[in-house]
There are 2 protein chains.
Amino acid sequence: MNIVEQLKPFFEPKSIALIGVRMHVMELEFNILKFLLECGYKGALYPIHRRDSEISGVKTYPSVKEIPGEVDLAVIATPRSTVPSIVRECTEKGIKSIIIESQGFADANDEEGQKLQNVVLRIAEEGGARILGPNTLGTANAFSNFSVSFAKQLDMQRIPIGVICQTGMFISNSSQLKLLGKGIDLGNACDIDCIECLEYFGQDPDIKLIVLHIEGMKEGRRFLEVSSRVAKKKPVLALKTGGSERAAKAALSHTGSLVGRDDVWDAAFKQCGVTRVSSFGELSDMTKAFLHLPLMKGRELGVISMSGGLGIMSLDACERCGLEMAKLSPETERKLIEMSPPWMGIGNPVDLWPAILTSRRPLTEVIEAALYSLLSDQNVNAVLLIAAAYFERLSTPLTKVVLEAANTFKDKPIVWWPYEGWMYQVYPSELEEKVEKAGVAIFPTPEGAIRALAGLANYSEFRNRRSYL
Amino acid sequence: MNIVEQLKPFFEPKSIALIGVRMHVMELEFNILKFLLECGYKGALYPIHRRDSEISGVKTYPSVKEIPGEVDLAVIATPRSTVPSIVRECTEKGIKSIIIESQGFADANDEEGQKLQNVVLRIAEEGGARILGPNTLGTANAFSNFSVSFAKQLDMQRIPIGVICQTGMFISNSSQLKLLGKGIDLGNACDIDCIECLEYFGQDPDIKLIVLHIEGMKEGRRFLEVSSRVAKKKPVLALKTGGSERAAKAALSHTGSLVGRDDVWDAAFKQCGVTRVSSFGELSDMTKAFLHLPLMKGRELGVISMSGGLGIMSLDACERCGLEMAKLSPETERKLIEMSPPWMGIGNPVDLWPAILTSRRPLTEVIEAALYSLLSDQNVNAVLLIAAAYFERLSTPLTKVVLEAANTFKDKPIVWWPYEGWMYQVYPSELEEKVEKAGVAIFPTPEGAIRALAGLANYSEFRNRRSYL
C-alpha cells in the first residue's frame with residue numbers, strides 16, 4: 001500500500017469505532033460522537049461502552065470485537081494504561097488505522113510513558129496498523145464533514161488548505177485564522193509523521209496550499225527531499241517554533257521531539273522552497289496571500305497611498321522584506337504628472353492626496369487611474385493600495401474599482417490596506433470574502449501586506465529556479 | 001510666553017477664523033466648519049467668504065479684518081499662492097496662532113514652494129505669530145470637542161494620549177488604532193516642531209502617554225534632552241519611519257524633512273527612554289499596554305497555556321524581545337504538580353491542558369489556580385495567559401477570573417491571548433474595553449503581547465536607571 005492509501009482512512013473513513021467517546025471537564029462535555037454527528041458525518045459510527053447501550057442516540061457496543069461490520073478507523077481516548085490492550089483488540093479486529101488521543105506517553109515526564117508508547121507501536125506494527133499520535137486531537141476533513149477532534153469545530157469550510165501540525169490548536173479553526181480544509185495533529189508522532197502527510201496532501205487534489213506547524217523533525221534529509229518536491233507543485237508554509245533553547249526543551253516534554261538550530265532550519269526551508277513564517281500573525285497574512293493572490297513575478301512593488309506618511313511607512317517594510325520600489329516607466333510618470341498639481345514631485349510610493357484634492361475628478365476615478373497606470377507598467381510586479389473608505393458612498397465604488405482592476409490584471413497581486421473606515425467597522429468579513437474571491441487581499445497592517453507579497457515573490461523565484469534544473 | 005502658553009490656542013482655542021472652509025472632492029465635501037459643529041465645539045466661529053453670507057448656518061465675514069471679536073486661532077486652507085497675504089491679514093488682526101493646511105510649500109517639487117514657505121514664516125515672525133504647517137491636517141482635542149482636520153473625526157474619545165505626527169492620518173482616529181486624545185499634525189513643520197509639542201504634552205495633565213510619528217528631525221541634540229526629560233514623567237512611544245534610503249528621499253518630498261541613519265535613531269531612543277515601534281501593528285499593541293497595564297518590573301515572564309504548542313510559540317517571541325521565562329519557585333511548582341496528572345513534567349510555560357482534562361475541577365478553577373500561583377510567585381513579573389473561550393458559558397466565568405486576578409495583583413501586568421473563541425466573534429470591543437479598564441490587555445497575537453510586555457520592562461528599567469542619577 002502506498003502512503004496515500006495508508007493515510008486515506010484517517011481523512012475519509014467509511015466507518016469509525018470510538019473508544020472513550022466522552023470527556024467531562026466538569027462544566028464542559030467534549031463528546032467526539034456528538035461533534036461527528038453535528039459535522040454531518042455520514043459514515044458508520046460504532047461507539048464502545050461497557051454499560052450504556054446508546055450515546056447521543058447511537059447504539060453502542062461493549063467492545064471493538066463485537067462491532068458487526070468492517071471498521072476503517074479507530075479513535076482511542078481512554079486513560080493511557082488501557083491503551084495497549086485496546087490497540088491489540090483493534091488490530092485483531094483488522095483495523096489498520098488508529099488514532100490515539102490519550103496523553104501521558106512520550107509527552108510524559110516518567111519512564112512509563114515512553115515504555116507504553118513503545119508497546120503500543122509494537123502491537124500496531126505486528127497487526128499491520130498505522131498509528132496517529134498519541135497525544136493528538138486527531139484529524140479533520142471539511143470535504144467529508146469529518147472531524148474526531150474533541151474540541152468542537154466551529155465551522156467546516158471547504159478551504160483548500162491542508163494543515164499538518166504538532167498541536168491540535170491549529171486544527172480547530174480559529175476565527176482569526178481559518179486554515180481547514182483538512183488537518184492532522186501529529187501529536188507525539190510515534191508512527192505517522194509530518195513527511196508522510198506532506199506526501200499525502202501533495203497528491204490531494206482538494207488541497208492547493210499546505211501549512212506545516214513544526215516543533216521538531218527526526219529525518220531532516222528526507223524532509224528536504226519530499227518538501228522540495230511537493231513545493232514544486234503547490235506552496236508550503238511552515239511555522240517552525242522552538243528556535244530558542246528554552247523552546248527546544250519545552251517541545252521535548254510537549255511531544256517528545258527534537259528540535260534543531262534555528263539558522264539551519266532557515267537555510268533548509270529556503271533551499272526546499274518552503275515559506276517560513278515566524279508568528280501567528282504572519283501565518284494568517286501569508287495564508288491569505290497564497291490562497292487568493294497570483295504569484296509576484298519579480299520584486300518591484302508599486303505603492304499608491306492616500307497619505308504621504310503612510311506611503312513612507314511601506315518603504316521601510318519593503319527594505320526589511322527584500323522587495324524593491326519599482327522605478328516607474330516614463331509613460332506611467334507622465335500619466336501621474338497629468339493628474340497631479342503642477343508643483344508636485346512624482347515618485348513611487350505615489351502620494352495621491354494632492355491629486356485627489358486638486359484634480360476635480362471623483363476620488364475613486366483618481367485612484368482608478370493611478371491603479372491602472374501602475375498595473376500597466378511592466379516595471380511593476382504588484383501594487384499595494386493604501387486607501388481608506390470613510391463612508392459607504394466611498395467604500396462601495398472604491399471596492400468596485402479595486403475588483404475590476406484585479407480582474408483586468410490577473411497576473412499581478414493587488415493588496416489593500418484600508419487603514420481606516422466604514423468598511424472595517426460595519427462588515428469586515430463580508431468585504432474581505434468578496435475581494436478575496438476577486439483576487440485581492442486586504443491586510444490589517446501595511447507591513448503584513450508587504451511581507452506577504454515578499455513570500456509570493458520568493459516562492460515564484462523558487463518555482464522558476466527549479467524548472468531550469 | 002512659555003511654550004505651553006504659545007501652543008494652547010492650537011489645542012483649546014476660544015475663537016477660530018476659518019479661511020477656505022470647504023473643500024470639494026467631487027462626490028465628497030470636506031467642510032471644516034461642519035465637522036467642528038458636529039464635534040460639539042463651543043467657541044466662536046468666524047468663517048471667511050467673499051460672497052456667501054453663511055455656511056452651514058454660521059454667519060460669514062468677507063475678510064479676517066472684518067471679524068468683530070478677538071480671534072485665538074486662524075485656519076487657512078486656500079491655494080498656496082493666496083496664503084502669504086492671508087497670513088499678513090491674520091497678524092494684522094492680532095492673531096498669534098495660525099494653522100496652514102494648504103499644500104505645495106516645502107513639500108512641493110518646485111522652488112516656488114520653498115520660497116512661499118519662507119515668505120509666510122517671515123510674515124508670521126514679524127507679526128509675533130506661530131505657524132503650524134503648512135501641509136497639515138491641523139490639531140484635534142477630544143477634551144475640548146475640537147478638531148480642524150478636514151477629514152472627519154469618527155469619534156472624539158477622551159483617551160489620555162497625545163499624538164504628535166508628520167502625517168494627518170494619525171490624528172483621524174482609526175478603528176484599528178484609537179490614539180486621540182489630543183493630536184497635532186506638524187506637516188512641513190516650518191515653525192512649530194515635534195520637540196515643542198513634546199514639552200507641551202509633557203506638561204498636559206490630560207495626557208498620560210505620548211505617541212510620536214517621526215519622519216525626520218532637525219535638532220537631534222535638543223530632542224534627546226527634551227524627550228528624556230519628558231519620558232521620566234510619562235511614557236513616550238515613537239514610530240520612526242524613513243529608515244531606508246528610499247524612504248529618506250520620499251520623506252524629503254513629503255514634508256521636506258531630513259532623516260538620519262536608522263541605527264543612530266535606535267541608540268538615541270534607547271538612551272532617552274523612548275519606546276521605539278517599527279510598525280503600525282506594533283504601535284497598536286504597545287499603546288494598549290502602556291495605557292492599560294502596570295509596568296513590568298523585571299524581565300521574568302510566566303506563561304499559562306491551554307495548549308502546549310502555543311506555549312512553545314511564546315518562548316521564541318520571548319527570546320526575540322529580550323524577556324526571560326521565569327524560573328518558578330518550589331512553592332509554585334508544588335501547586336502546579338498538585339493539580340496535574342502524576343506523569344506530567346512541570347515547567348514554564350505551564351501546559352495546563354493535561355490538568356484541565358484530569359483534575360475533575362471546573363476548567364476556570366484550574367486556570368484561576370494556575371494564574372494565582374504564578375502571580376504570587378516573586379520570580380514572575382508578568383503573566384501571559386493563552387486561553388480560548390469557545391462558548392459563552394466558558395467566556396463569562398473566565399473573564400471574571402482574569403479580572404479578579406488583575407484586581408488582586410495590581411503591580412503585575414496580565415496579558416491575554418484568546419486565540420479562539422466566542423468572545424472574538426460576538427463582542428470583541430466590548431470585552432476588550434471591560435478587561436482593559438481592569439488592567440488586563442487582550443492581544444491579537446502572542447508575539448504582539450510579548451513585545452508589548454518587553455516595552456513595559458524596558459521603560460521600567462529606564463525609569464529606575466534615571467532615578468539613581
Side-chain angles (χ1 to χ4, degrees), chain A residues 23 25-28 103-104 108-110 112-113 152 166-167 169 172 174-176 213 215 241-244 246-247 250-251 253-254 279-281 307-313 315-316 319 325 341 343-345 347 349 351 354 356-357 360-363 390 393 419-420 424-425 444-447, chain B residues 23 25-28 103-104 108-110 112-113 152 166-167 169 172 174-176 213 215 241-244 246-247 250-251 253-254 279-281 307-313 315-316 319 325 341 343-345 347 349 351 354 356-357 360-363 390 393 419-420 424-425 444-447:
Chain A
M23 255 179 271
V25 182
M26 294 297 279
E27 70 272 49
L28 299 173
Q103 298 192 304
N109 204 28
D110 60 3
E112 182 64 13
K152 186 174 179 170
Q166 285 190 269
T167 170
M169 285 308 127
S172 51
S174 155
S175 44
Q176 299 163 271
H213 161 252
E215 286 179 356
T241 63
S244 65
R246 273 272 197 171
S253 82
H254 176 227
S279 71
F280 197 81
S307 144
L310 298 183
I312 289 168
M313 284 176 63
L315 284 168
D316 294 324
E319 194 159 280
M325 278 292 143
W343 49 258
M344 177 85 188
D351 176 2
I356 288 168
L357 284 185
R360 307 216 160 260
R361 292 162 66 187
L363 190 152
Y390 295 101
R393 44 197 275 259
Y419 53 92
E420 169 53 288
Y424 252 107
Q425 296 179 318
T445 64
E447 53 274 7
Chain B
M23 255 178 273
V25 182
M26 294 297 280
E27 70 273 49
L28 298 173
Q103 298 192 305
N109 203 28
D110 59 3
E112 182 64 13
K152 187 174 176 172
Q166 284 189 272
T167 169
M169 286 308 127
S172 51
S174 156
S175 44
Q176 298 164 271
H213 160 253
E215 286 180 355
T241 63
S244 65
R246 274 273 197 169
S253 82
H254 178 227
S279 71
F280 197 80
S307 144
L310 298 183
I312 289 168
M313 283 178 63
L315 284 168
D316 294 323
E319 194 159 279
M325 278 292 143
W343 50 259
M344 176 85 189
D351 177 1
I356 288 168
L357 285 184
R360 306 214 160 261
R361 293 160 67 187
L363 190 152
Y390 296 101
R393 44 197 273 258
Y419 52 94
E420 169 51 290
Y424 251 106
Q425 296 179 317
T445 64
E447 54 274 8

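Excluded from the calculations below are hydrogen atoms, water molecules and symmetry mates; all remaining heavy atoms, backbone and side chain alike, are included. Numbers restart at 1 for each chain; the letters A, B, ... are given by sequence-line order, proteins then strands.
Taking every heavy atom of both residues into account, M344(B) and N109(A) meet most closely at C-CB, 3.7 Å. Between S279(B) and E447(A) the shortest heavy-atom distance is CB-OE2, 2.7 Å. In this structure, W343(A) and A108(B) approach most closely via the heavy-atom pair CE3-CB, 3.3 Å.
Heavy-atom distances place both the backbone and the side chain of Q103(A) under 4.5 Å from chain B. There is no contact between P341(A) and chain B, counting heavy-atom distances below 4.5 Å.
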